[in-house]
**Student:** 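My questions all concern the structure below.
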Amino acid sequence: MNKHFLGDTAVLLGRSLRHIARSPDTIITTAVMPIAFMLLFVYVFGGAIETGTDSYVNYLLPGILIITIASGISYTAFRLFMDMQGGIFERFQSMPIARSSVLWAHVLTSLVANLISIVVVIGVALIMGFRTGAGVEGWLAVAGILVLFTTALTWIAVIPGLTAKSADGAGAFSYPLIFLPFVSSAFVPTQSMPGPVRAFAEHQPVTSIVNAIRDLFARQPIGSDIWIALAWCAGILVLAYLFATATYRRRVS
């Protein structure tokens with residue numbers, strides 16, 4: 001059964017990746033908005049924002065990576081919605097394939113596409129002056145957090161992809177996720193925020209994830225942020241996976 005599932009997922013993943021290869025503009029579009037934010041905040045607002053660091057791009061990049069992921073997963077919901085509307089799911093049901101492999105192929109496609117977008121954004125950040133003292137272990141830890149966060153958000157994206165009434169509705173769910181980093185430590189320290197906003201910013205997942213990545217890039221001692229970040233990512237992943245698979249079972253039953 002495991003071999004059957006893995007083989008089916010690999011075949012369907014190849015199908016989804018071919019679609020991405022034929023339409024690279026989706027990856028470009030995903031990276032354009034975060035890069036625009038990075039250019040705007042570094043070169044327009046950066047001089048007016050006090051972060052306690054010498055380089056604002058170093059401070060900003062972790063939050064931009066979160067926005068990149070939040071922007072990218074909207075395409076997962078869109079692709080899933082189009083497959084549902086195109087009747088491909090009904091055809092898959094008539095074939096001897098593992099049902100869950102259809103969803104996992106979309107999730108893995110999202111992971112690959114988002115990682116490519118992240119590499120592009122980091123490349124632009126390096127041109128803008130981003131520098132890090134992180135070694136191989138630090139980069140692997142950052143990559144692990146981003147992969148876990150991307151996977152968690154992608155399973156959230158599966159839900160509107162299965163339930164939306166229109167293509168615009170399928171992708172629109174990501175807007176609150178894109179906005180969330182703006183009410184966190186991604187752009188400014190939370191200490192500068194008014195009381196209620198600061199309380200929310202310090203107790204939402206993006207702040208702990210951004211702080212953990214920032215410390216890893218700066219080779220600072222890792223405190224509790226990394227464990228809080230991992231707990232948030234794992235909790236979101238489990239809940240989103242359960243809801244997504246339950247929704248999928250209802251749709252195909």
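One-based numbering along the sequence shown.
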**Student:** For residues Leu177 and Phe37: do they belong to one hydrophobic cluster (side chain heavy atoms under 4.5 Å, members Ile, Leu, Val, Met, Phe, Trp, Tyr)?
**Tutor:**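 Yes, because Leu177 and Phe37 connect within a single hydrophobic cluster, where side-chain heavy atoms sit under 4.5 Å apart.
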
**Student:** May I ask you to test the Val206-Trp232 pair for a side-chain heavy-atom distance under 4.5 Å?
**Tutor:**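 Of all side-chain heavy-atom pairs linking Trp232 with Val206, none is under 4.5 Å.
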
**Student:** So which heavy atom on Leu216 is nearest to which on Ala141, and how close?
**Tutor:**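 The pair with the smallest heavy-atom distance is CD1-CB, 3.7 Å.
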
**Student:** Output the distance between atom OG1 (Thr109) and atom CG (Leu80), rounded to the nearest 0.5 Å.
**Tutor:**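 Between atom OG1 of Thr109 and atom CG of Leu80 there are 10.5 Å.
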
**Student:** For residues Ile122 and Tyr56: do they belong to one hydrophobic cluster (side chain heavy atoms under 4.5 Å, members Ile, Leu, Val, Met, Phe, Trp, Tyr)?
**Tutor:**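 Linked within one cluster.
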
**Student:** For residues Leu108 and Thr154, determine if any side-chain heavy atom of one lies less than 4.5 Å from a side-chain heavy atom of the other.
**Tutor:**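 They are not in side-chain contact.
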
**Student:** So which atom in Ala186 and which in Gly63 form the shortest heavy-atom distance, rounded to 0.1 Å?
**Tutor:**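 Minimum heavy-atom contact is CB-CA, 3.7 Å.
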
**Student:** Please find the pair of heavy atoms, one from Ile178 and one from Met33, that lie closest to each other, and give the distance.
**Tutor:**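 In this case the closest contact between Ile178 and Met33 is CD1-CE, 3.7 Å.
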
**Student:** Does the pair Val121 and Leu61 meet the rule for a side chain to side chain contact (heavy atoms under 4.5 Å, CB included), with working shown?
**Tutor:** CA-CA 9 Å; Val121 171; Leu61 181 59; 4.2 Å; yes

**Student:** I'd like to know if the side chain of Asn58 and the backbone of Arg131 have a donor-acceptor N/O pair within less than 3.5 Å.
**Tutor:**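 Yes.
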
**Student:** List the steps, then state whether side chain to side chain contact (heavy atoms under 4.5 Å, CB included) holds for Ile73 with Ile156.
**Tutor:** CA-CA 9 Å; Ile73 60 168; Ile156 294 178; 5.7 Å; no

**Student:** Between Ala152 and Ala240, which heavy-atom pair has the shortest distance, and what is it?
**Tutor:**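 Smallest heavy-atom distance, with atoms named: O-CB, 4.0 Å.
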
**Student:** Can you find a heavy atom in the side chain of Val158 that is under 4.5 Å from one in the side chain of Thr247?
**Tutor:**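 Side chain of Val158 against side chain of Thr247, heavy atoms only: no contact under 4.5 Å found.
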
**Student:** Could you pull out the closest heavy-atom pair between Leu148 and Ala234, with the gap in Å?
**Tutor:**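 For Leu148 and Ala234, the tightest heavy-atom pair comes out as CD2-N, 4.4 Å.
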
**Student:** Assert yes or no for the condition that the ring centre distance of Tyr59 to Phe41 is strictly below 6.0 Å.
**Tutor:**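 For Tyr59 and Phe41, the ring centres are not under 6.0 Å apart.
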
**Student:** Give the cluster check for Val238 versus Phe243: same hydrophobic cluster or not, with ILVMFWY residues linked at side-chain heavy-atom distances below 4.5 Å.
**Tutor:**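 No; tracing contacts between hydrophobic side chains, which count when under 4.5 Å, never links both residues.
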
**Student:** Decide yes or no on side chain to side chain contact (heavy atoms under 4.5 Å, CB included) for Tyr43 and Met128, but give the supporting numbers first.
**Tutor:** CA-CA 10 Å; Tyr43 294 124; Met128 294 173 62; 3.6 Å; yes

**Student:** Hey, which of Pro181, Ser184, Ser185 is the one that makes side chain to side chain contact (heavy atoms under 4.5 Å, CB included) with Gln204?
**Tutor:**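 Only match with Gln204 under side chain to side chain contact (heavy atoms under 4.5 Å, CB included): Ser184.
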
**Student:** More than 12 heavy atoms of other residues, nucleotides or ligands under 6.0 Å from CH2 of Trp227: yes or no?
**Tutor:**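 No - once you tally the heavy atoms of other residues, nucleotides and ligands closer than 6.0 Å, there are 12 at most.
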
**Student:** Are there more than 12 heavy atoms of other residues, nucleotides or ligands under 6.0 Å from atom CZ of Phe217?
**Tutor:**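 More than 12 within 6.0 Å, yes.
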
**Student:** Any non-hydrogen side-chain atom of Thr132 less than 4.5 Å from a side-chain atom of Trp139?
**Tutor:**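 SC-SC contact between Thr132 and Trp139 confirmed.
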
**Student:** For Trp155 and Tyr241, take the angle between the two ring planes, folded into 0 to 90°, and tell me which bin it lands in: parallel under 30, tilted 30 to 60, perpendicular over 60.
**Tutor:**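 Trp155 vs Tyr241 ring planes: perpendicular.
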
**Student:** About how many Å separate CG of Leu146 and CG of Asn114, when rounded to the nearest 0.5 Å?
**Tutor:**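 So the CG of Asn114 and the CG of Leu146 are separated by 10.0 Å.
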
**Student:** Working to the nearest 0.5 angstrom, can you tell me the gap between Phe179 CZ and Ser174 OG?
**Tutor:**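 Between Phe179 CZ and Ser174 OG, I get 14.0 Å after rounding to 0.5 Å.
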
**Student:** May I ask you to decide if Ala70's main-chain N or O and Ser74's side chain share a donor-acceptor pair within less than 3.5 Å?
**Tutor:**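 The answer is no, because no donor-acceptor pair under 3.5 Å joins these two groups.
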
**Student:** CG/Leu237 to CG/Leu153 distance, rounded to the nearest 0.5 angstrom?
**Tutor:**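 It is 10.0 Å, given to the nearest 0.5 Å.
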
**Student:** To the nearest 0.5 Å, what is the distance between CD1 (Ile213) and OG (Ser208)?
**Tutor:**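 Here the rounded value is 9.5 Å.
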
**Student:** So which heavy atom on Phe149 is nearest to which on Ile209, and how close?
**Tutor:**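 Looking at all heavy atoms of both residues, the closest pair is CD1-CD1, 3.5 Å.
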
**Student:** Can you tell me how far OG1 of Thr190 sits from CZ of Arg198, rounded to the nearest 0.5 angstrom?
**Tutor:**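 Reported value, rounded in 0.5 Å steps: 5.5 Å.
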
**Student:** Do Asp225 and Arg214 have side chains that get closer than 4.5 Å, going by heavy atoms?
**Tutor:**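 No, their side chains stay 4.5 Å or more apart.
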
**Student:** Apply side chain to side chain contact (heavy atoms under 4.5 Å, CB included) to Val147 and Leu115, showing your working.
**Tutor:** CA-CA 8 Å; Val147 166; Leu115 288 177; 4.2 Å; yes

**Student:** Report yes if the side chains of Ile145 and Ile226 come closer than 4.5 Å at any heavy-atom pair, otherwise no.
**Tutor:**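 Heavy-atom side-chain distance check passes, below 4.5 Å.
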
**Student:** Please answer: with hydrophobic residues joined when any side-chain heavy atoms are less than 4.5 Å apart, are Ile64 and Val44 in the same cluster?
**Tutor:**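 Yes.
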
**Student:** Is there side-chain contact between Val210 and Ile66, with heavy atoms separated by less than 4.5 Å?
**Tutor:**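 Heavy-atom side-chain distance check passes, below 4.5 Å.
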
**Student:** Taking a hydrophobic cluster as the set of Ile, Leu, Val, Met, Phe, Trp and Tyr residues connected by side-chain heavy atoms closer than 4.5 Å, whether directly or through intermediates, do Phe200 and Ile236 fall within one such cluster?
**Tutor:**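 Phe200 clusters together with Ile236.
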
